[in-house]
Asks: 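Here you go, one structure.
Residue numbers start at 1 and run along the sequence shown. Keep in mind that the numbers below use all heavy atoms, side chains included, and drop hydrogens, waters and symmetry copies.
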Amino acid sequence: VQLQASGGGLVQAGGSLRLSCAASGRTGSSYNTGWFRQAPGKEREFVAVIRRNSATSYADSVKGRFTISRDNAKNTVDLLLNSLKPEDTAVYYCAADQFAGLRSWFQLLQPNTYGVWGQGTQVTVSS
């Protein structure tokens with residue numbers, strides 16, 4: 001599978017963006033898909049994940065503001081970013097975990113669980 005992230009941009013605080021992760025190859029519902037972000041000078045951090053069975057989990061910092069969803073018809077996983085804050089500024093990456101077994105939620109928070117990564121899309125939130 002290959003992933004292509006898109007939808008980033010410059011937005012004012014309080015605004016919204018929709019990021020999309022398009023998959024080629026295997027269908028998106030056959031693997032877990034996560035979104036991560038990395039701000040300058042910081043480590044890559046978990047944002048959200050959607051399992052094969054569509055169960056979701058979010059980082060505390062984005063819970064209630066971001067929504068992850070899968071569109072099987074388009075073979076995409078979208079991340080809707082609402083109520084954006086300047087601290088949300090980062091490069092956002094989508095990633096796929098193709099492991100056929102059951103991952104724990106803790107494992108799905110870790111970047112090294114994911115074997116395939118998209119190229120990243122920049123989100124900049126101005127104050």
Side-chain angles (χ1 to χ4, degrees):
V1 64
Q2 291 183 319
L3 304 177
Q4 179 81 26
S6 61
L10 172 64
V11 64
Q12 289 188 331
S16 299
L17 284 173
R18 179 180 290 273
L19 308 184
S20 186
C21 179
S24 60
R26 295 174 65 187
T27 58
S29 59
S30 62
Y31 45 82
N32 305 313
T33 303
W35 281 95
F36 291 77
R37 65 187 182 185
Q38 188 166 17
K42 295 189 176 181
E43 293 188 352
R44 193 166 297 189
E45 65 173 0
F46 168 79
V47 176
V49 62
I50 185 166
R51 287 183 179 270
R52 287 191 299 272
N53 66 1
S54 296
T56 59
S57 182
Y58 299 88
D60 287 343
S61 59
V62 307
K63 201 172 293 184
R65 300 188 298 122
F66 292 7
T67 303
I68 190 170
S69 61
R70 178 184 292 120
D71 187 328
N72 289 327
K74 296 180 180 179
N75 207 22
T76 61
V77 171
D78 291 350
L79 185 68
L80 176 63
L81 288 61
N82 288 327
S83 303
L84 282 161
K85 304 175 181 180
E87 52 263 43
D88 294 319
T89 295
V91 177
Y92 283 70
Y93 299 89
C94 60
D97 166 36
Q98 301 180 79
F99 179 61
L102 180 64
R103 296 284 199 192
S104 69
W105 285 114
F106 177 78
Q107 286 176 306
L108 292 173
L109 304 184
Q110 313 305 317
N112 60 11
T113 295
Y114 299 80
V116 180
W117 289 81
Q119 85 288 3
T121 185
Q122 176 72 47
V123 171
T124 303
V125 185
S126 62
S127 56

Asks: Between V47 and Y58, does the side-chain contact (heavy atoms from CB on, under 4.5 Å) criterion hold? Intermediate values first, please.
Replies: CA-CA 6 Å; V47 176; Y58 299 88; over 6 Å; no
Asks: Within the 3.5 Å criterion, strictly below it, is a donor on S20 or D78 matched to an acceptor on the partner's side chain?
Replies: yes
Asks: Test L79 against T67 for side-chain contact (heavy atoms from CB on, under 4.5 Å), laying out the working first.
Replies: CA-CA 6 Å; L79 185 68; T67 303; over 6 Å; no
Asks: Centres of the F36 and W117 rings: under 6.0 Å?
Replies: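 Yes, ring centres under 6.0 Å apart.
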Asks: Between atom CD of Q12 and atom OG1 of T124, what is the distance when rounded to the nearest 0.5 Å?
Replies: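 Going from CD on Q12 over to OG1 on T124, the span is 13.0 Å.
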Asks: Drop me the distance from C21's SG to R70's CZ, to the nearest 0.5 angstrom.
Replies: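 Atom-to-atom, C21:SG and R70:CZ are 10.5 Å apart.
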Asks: If Ile, Leu, Val, Met, Phe, Trp and Tyr residues are connected whenever their side-chain heavy atoms lie under 4.5 Å apart, and connections chain through other members, are W105 and L109 in the same group?
Replies: yes
Asks: With no hydrogens and no angle check, is any side-chain donor or acceptor of S127 less than 3.5 Å from a backbone partner on P86?
Replies: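 No, the answer is negative, given that no donor and acceptor are paired below the 3.5 Å cut-off.
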Asks: Could you measure the distance from the CG atom of L17 to the OG1 atom of T121? Nearest 0.5 Å is fine.
Replies: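 So the CG of L17 and the OG1 of T121 are separated by 8.5 Å.
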Asks: Just do the side-chain contact (heavy atoms from CB on, under 4.5 Å) check on V49 and T33 with the steps written out, would you?
Replies: CA-CA 6 Å; V49 62; T33 303; over 6 Å; no
Asks: For Y114 and L108, indicate whether the former's side chain and the latter's backbone hold a donor-acceptor pair under 3.5 Å.
Replies: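 Yes: the side chain of Y114 pairs with the backbone of L108.
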Asks: For the pair Q110 (side chain) and Q107 (backbone), establish whether a donor and an acceptor sit closer than 3.5 Å, ignoring hydrogens and angles.
Replies: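 No.
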Asks: Is it the case that the side chain of N82 and the backbone of F66 share a donor-acceptor pair, with hydrogens and angles ignored and the cut-off at 3.5 Å?
Replies: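 Judged by distance alone, no pair lies under 3.5 Å.
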Asks: Going through the distances and angles, do V77 and W35 end up as a side-chain contact (heavy atoms from CB on, under 4.5 Å)?
Replies: CA-CA 9 Å; V77 171; W35 281 95; 3.9 Å; yes
Asks: Other residues, nucleotides and ligands only: do more than 12 of their heavy atoms fall within 6.0 Å of CD on E87?
Replies: yes
Asks: Would you say that V116 contacts Q2 through its side chain, given a criterion of any heavy-atom pair below 4.5 Å between the two side chains?
Replies: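 Contact flag for V116/Q2 side chains = no.
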Asks: Do the side chains of D88 and K85 get close enough for a salt bridge, i.e. N-O under 4.0 angstrom?
Replies: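 A salt bridge is absent here (no side-chain N lies under 4.0 Å from a carboxylate O).
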Asks: Quickly, which of R52, R51, R103 forms a salt bridge (charged side-chain N to carboxylate O under 4.0 Å, His left out) with D97? Name it, please.
Replies: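 Going through the options one by one, the only one that passes is R103.
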Asks: Under a 3.5 Å distance rule, please check whether T89 uses its side chain to pair with a backbone N or O of V125 as donor and acceptor.
Replies: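 Such a contact is found between T89 side chain and V125 backbone.
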Asks: I68 and side-chain contact (heavy atoms from CB on, under 4.5 Å): which single residue from L80, I50, V62 fits?
Replies: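 Between I68 and the candidates, side-chain contact (heavy atoms from CB on, under 4.5 Å) is satisfied uniquely by I50.
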Asks: Can you get from V91 to V123 by hopping between Ile, Leu, Val, Met, Phe, Trp and Tyr side chains that sit under 4.5 Å apart?
Replies: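 Cluster IDs for V91 and V123 differ.
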Asks: What distance separates L84 CG from S16 OG, expressed to the nearest 0.5 Å?
Replies: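 It comes to 6.0 Å.
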Asks: Can a cation-pi geometry be assigned to R37 and Y93, taking NZ or CZ under 6.0 Å from the six-membered ring centre and within 45° of the ring axis?
Replies: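 That pair does not qualify as a cation-pi contact.
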